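What follows is a set of notes on a single structure, which appears directly below.
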4 protein chains.
Amino acid sequence: MPQAQRGKVEEAGMTGRWRSAVPSREEQHALKRRAVVKEAGRAFGRFGFHNTSLDDVARALHISKPTFYRYFENKQALLFECHTLALDLGEESVAFAQRNGATGLDKVLLMIRHYVAVYARELGAVGIVTDFHSLAPEHRRIVQKRRDRFDRILRGFVSEGIADGSIPPCDPRMVVSCFMGAINWVPVWFSSAGPRSGEELAEAFARIFATGLQSATADAGKALSMKLSPSPVTS
Amino acid sequence: MPQAQRGKVEEAGMTGRWRSAVPSREEQHALKRRAVVKEAGRAFGRFGFHNTSLDDVARALHISKPTFYRYFENKQALLFECHTLALDLGEESVAFAQRNGATGLDKVLLMIRHYVAVYARELGAVGIVTDFHSLAPEHRRIVQKRRDRFDRILRGFVSEGIADGSIPPCDPRMVVSCFMGAINWVPVWFSSAGPRSGEELAEAFARIFATGLQSATADAGKALSMKLSPSPVTS
Amino acid sequence: MPQAQRGKVEEAGMTGRWRSAVPSREEQHALKRRAVVKEAGRAFGRFGFHNTSLDDVARALHISKPTFYRYFENKQALLFECHTLALDLGEESVAFAQRNGATGLDKVLLMIRHYVAVYARELGAVGIVTDFHSLAPEHRRIVQKRRDRFDRILRGFVSEGIADGSIPPCDPRMVVSCFMGAINWVPVWFSSAGPRSGEELAEAFARIFATGLQSATADAGKALSMKLSPSPVTS
Amino acid sequence: MPQAQRGKVEEAGMTGRWRSAVPSREEQHALKRRAVVKEAGRAFGRFGFHNTSLDDVARALHISKPTFYRYFENKQALLFECHTLALDLGEESVAFAQRNGATGLDKVLLMIRHYVAVYARELGAVGIVTDFHSLAPEHRRIVQKRRDRFDRILRGFVSEGIADGSIPPCDPRMVVSCFMGAINWVPVWFSSAGPRSGEELAEAFARIFATGLQSATADAGKALSMKLSPSPVTS
DNA sequence: TATGAATGAGGTTTCATTCAT
DNA sequence: AATGAATGAAACCTCATTCAT
C-alpha cells in the first residue's frame, strides 16, 4: 500500500517533468505532502495516533524521519491536517445537502449519503476523528469550533424536518449523534477492498436512517411497543 | 505530546470514589479494583488510552501511581479488563435479546436498547472500545475472538429477521456495523450528567433503528428515490 | 548501621537491668534473625543482591516483608551482615594459620584449607562477597578496611614464605589475588549437596596451590618452558 | 578512563584508514558499538550490572542515555554481548590450547595463560561473568549451553592430563572450578593501569597452577602432609 | 506482633524532534 | 535535499521502605 502510494507520487512527478521541462518544485512538494497525509491518516485511522510512530509512517513511505519535517511542522500538525480534511468533507456534504434537499429529512439523508460515500473514498485520512484529544490545544480549539458549527447545522436539519413534518418529534442532538457515530465508526471496519463499494455503503446507511430496519409490510410499531416493554437493564 | 489534552479525571474523582464505605478485606480489594477500572475506563473512553497517563488516573483516585500495581499487573491489563467488561455487557445484552425477542427485528432492537442502556450506565468503563490496537497482542487475540462471535450473533439476528420477514432484504454486515458504530460512539459524546438519561438514550436509539427518521405520514420512499439521485460524490 | 551494634548495646543494657532470667523471646529473635541471614545470604550468593528482592526472601521464609524489618534495619544492613560474617571467617582462618603454620607456605596453605572448608560449610552467607559495591557507603568503608587488613596479612604470609625459602620469589599481590579469587568463586558453583564434601574441596584446593597441577614424576618445568613459548595473545 | 576510551574511538574514526580517508558509516557504527560494550563491560565487571545505571555508562562515554539504544536493544542485550565476548575469548583460548598443547597439562596451562592475557587485555568487557543471573532467560539459556560446553572441554583437558600422566589423579571438576574461579575473579581487582601488565599476570597464573606455591627445593610434600593435619574447621 | 496496603525514589525505555553531514 | 545520529521529556514500572491495623 505504501509502495503503491510512493509509486504514484513518483510517476506523477515524472509526467510533470516530461510535459514541462521543469517540474515545479512546489508541485512536487505538494504531491509528497499529500502522500504523507494519506499514508499517515490511514495508519492513524487504523491503529490510532499514538500507536503509529513517525518511524512507522516514514518506513511505510520509504523516507526518513527528518524528511518528514520538511512537510510538516510536527506530528500534531499532521493530525490537524487530517481533521481539517475530514471537516472539509463534512462541510462539503452539508453544502451539498443544503443545495439539493427540499425537506429537513431530505437534507439529513443526502448529507449522510454524500458524507459516507466521500468518507469511504478518502477513508484513512479521516479515520482519526477519534483522536480528537491528541490534537494540540490551539488546533483543538479550531477543530472544536468547526465541529460545533457542523453539529449545529445538522441539528438544524433535524429541527427543520420536525417543523416541516418530514421527521417526527425527537431530540435532534441524539439523532445527530446517532448517525454521526455510525459514520465515524466506518473506518474502524470498512475496507474499500471488501465486497462492498463505498457507494453501496452510502446507500445502505441512508436507507437505514430513512426507514429503519423494520419491514414495510410488518406491523412493526405494534411489535415494538409490546416487545420492548420489559425493562432492559434488569441484568 | 505535552500539549495534548490530558485526562482531566481529577474532577470526577473528587467525589471520593476511592474512599467509600468500608466492608470486609477482600471485598475492599475488589471494590477498589473496580473503582480503578471505572475511573480508568472513563478516562480511556474520553481521552484515549495513550492520552491518559497512570499519573492522571492515580491523581483522580487520590492514590499514588505504584498503588495501582496492587490491582493490575500493568496498564494494558487494565485496558483488557475494560474491554472484557464491555464484551460482558454486550453478551449479556445479546442473551437478553435472545430470551425476549420473537422475530429477528425484535432481537436486534431489544439488543440495541439493552446495550445502550447498560452501556450508558457503566459508561466510562466501556468507552475504550476504540483503543483496540493498544491492547497487548495476547489480549488482542482474546478480544478479537469474542468480538467476532458477538458480531456473528448480531448478523444472525438480522438474517433471522430477513428470513422471518420482519426485516427487509439487506446486507447484515452493514446493518450491524451501522448500529454498533452508533453505539460504540456513545461514550465520545454522551454524559450521564447531561439533559438525557441513559434510558432515554436507549429508547431513542431503538426507535431510530426501528422506524428510521422519516415521519410515518410522509411518503418518504418516493422523496428518497427522487432526492438521492444526484451522485453525491461530485466534490 | 549496624543492627549488630545496636543489638549488642541493648543486650548489654538488658543484662544490666534485669540481671537474670532472660525470656526466650530474645533467643527466638536471634534464631529468626539468623534464619533470615542464612536464607538471604544464600539467595544473594546464588542470584546476586539485586536479583533477590525482599519479597523473594520473605516468601522463602514464609514471613511478610514488614516482618523482615523487625530483624534488620534495611536490606543493605543484611548485606553488611553477610560481609561481616565472611570477614569473620577469613580472619578466623588467618588466626588459625598463624597459630599452626611454621613457614610462610604453611600459613598460606593452612589458611586456604581452613577458609575453604568453613566457606563451604557456611556457603550462602558469604557468597555475596561479590556484591561489595552494593553496600551502603559507610558499610563499604568498614568492609574495605577489614579487607585491606586481611589482604595485607595474606601478602605478608607470602612474603614470609619467600623470605624463609618455602615459596619461590613472586609477586605476593598476584598470588594472593589468585587463590582468593578461586576461593571467592566457590559459592558460584559449589553445592554441599553435590558429590564432594567441603572438606574434600578444601583438601583439593590446598593441594593445587601447594604443588600445582603437574605430576611429580613429569619433568614439567621443561615442558612448560617449551610449550608456553608461543605468544599466547596472537589471536 | 572513559575520556581515554572516547578519545581512542574518535581518533580511530577521525584519522581513519590510509585507504579511505573516512571510515565508512558501518565501520563507525561498529566502532562506537564496541566502545559501548567495552565501557559498559568494564563498569559491569567492576560495580556489577545492577549497580551500573545506563546513566553511568552514558556519562562515561559522553553520550546521552537514549543514544545507547541505537546500538543495543536494551540493557540486557548489552550484558549478553559481554557474556558472548567472554565466551568467544574463552573458546579461542581453548582452541589455542588444543592447537599448541601436547599433553593434558600443556593444554590446561596454555589455556590459562592465553585466556588470562586476552582477558586482561579486553578486561572490562568480560568482567561481568559474575552477573549471569541478570541475563534475560533466553540469553541465559544460550550462555549456559556454551558454558557447559566450555567446562566440559576444560575437564577433558584435565582428564587427558591424568591419562597421559602429566597431571596426577584428581577430580577434574574441582580443578577446573579452581582455576576458572581465579580467572573470573581477575576483573574484580586487576587494573591494566596497575604495576603489572596482563602478560605478567598471565605468566604468574600459569606458573602458580603449574608448580604451585612451594619452593622447588623444599620438601613440600612432607611439610604439607604434616602441617595440614589438624582439622582446619575447628573454629 | 505481624501484615496488607501504600508510596517515593529511581531506573529503563520510547519517541518526537533536532543536529550535522 | 535528505538522512544517520543524537537527545530531552516523559511514560511505565519496580522495589525497598513505611503506615495503619
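Given the structure is predicted, the values throughout are model-derived calculations rather than measurements. Every chain is numbered from 1, with letters handed out A, B, ... down the list of sequences.
Between the P atom of E:dT3 and the CG atom of C:Leu61 lies a distance of 12 Å, rounded to the nearest Å. If you measure from atom CG of A:Asn74 to atom P of F:dA9, you get 17 Å, rounded to the nearest angstrom. Put simply, CD on B:Gln76 is 11 Å from C1' on F:dC12, counting in whole angstrom units. Rounded to whole Å, atom P of E:dT18 lies 11 Å from atom CG of A:Leu54. E:dT14 atom P lies 13 Å from atom CG of A:Asp56, rounded to whole Å. Atoms NE2 (B:His50) and P (E:dA16) sit 11 Å apart, rounded to a whole Å. Here the P atom of nucleotide F:dC12 and the CZ atom of B:Phe72 are 15 Å apart, to the nearest Å. Straight-line distance from the CZ atom of A:Arg59 to the P atom of F:dG4: 12 Å, rounded to whole Å.
For CZ of D:Arg140, the number of neighbouring non-hydrogen atoms (other residues, nucleotides, ligands) closer than 6.0 Å is greater than 12. Residue D:Glu138 qualifies as enclosed at atom CD: its count of foreign heavy atoms under 6.0 Å is above 12.
At a threshold of 4.0 angstrom between heavy atoms, the contacts of B:Phe68 with the nucleic acid are absent. Residue contacts shown for C:Ser53 are limited to sugar-phosphate atoms, with no base heavy atom under 4.0 Å away.
Looking at which nucleotide of DNA chain F each of B:Asp55 and A:Thr67 is closest to, the 5′-most match is held by A:Thr67. Where B:Ser64 and C:Lys32 each meet DNA chain E at their nearest nucleotide, the meeting point lying more 5' is that of C:Lys32. In this structure, D:Glu73 and C:Ile63 both approach DNA chain E, and ranking their closest nucleotides by distance from the 5' end singles out C:Ile63.
Taking the side chain as every heavy atom from C-beta outward, B:Asn51 and A:Phe49 never approach each other to under 4.5 Å. Residues D:Leu135 and D:Gln76 fail the side-chain proximity criterion, which asks for heavy atoms closer than 4.5 Å. The shortest side-chain heavy-atom distance between A:Ile142 and A:Phe80 falls under the 4.5 Å cut-off.
Under the Watson-Crick or G-U wobble criterion, with both distances below 3.5 Å, F:dA20 is paired with E:dT3. The pairing partner recorded for F:dA10 is E:dT13, the criterion being a Watson-Crick or G-U wobble arrangement whose two distances lie under 3.5 angstrom.
The side chain of C:Pro66 lies closest to E:dA5 when the candidates are F:dC13, E:dT17, E:dA5. Taking every side-chain heavy atom of A:Tyr69 into account, E:dT17 is the closest of E:dC15, F:dA2, E:dT17. Listed nucleotides F:dA5, E:dA5, E:dT17 differ in distance to A:Lys75; the shortest reach to its side chain belongs to E:dT17.
In terms of polar N and O atoms assigned as donor or acceptor, the side chain of A:Lys65 comes within less than 3.5 Å of the base of E:dT17 in a complementary pairing.
For D:Tyr71 and F:dA6, the shortest distance from a side-chain N or O to OP1 or OP2 is below 4.0 Å. Taking only side-chain nitrogens and oxygens, A:Arg70 comes nearer than 4.0 Å to OP1 or OP2 of F:dA1.
Each of A:Arg33, A:Arg34, A:Lys75, A:Lys38 was scored for a salt bridge (charged side-chain N to carboxylate O under 4.0 Å, His left out) with A:Glu81, with one residue passing: A:Arg33.
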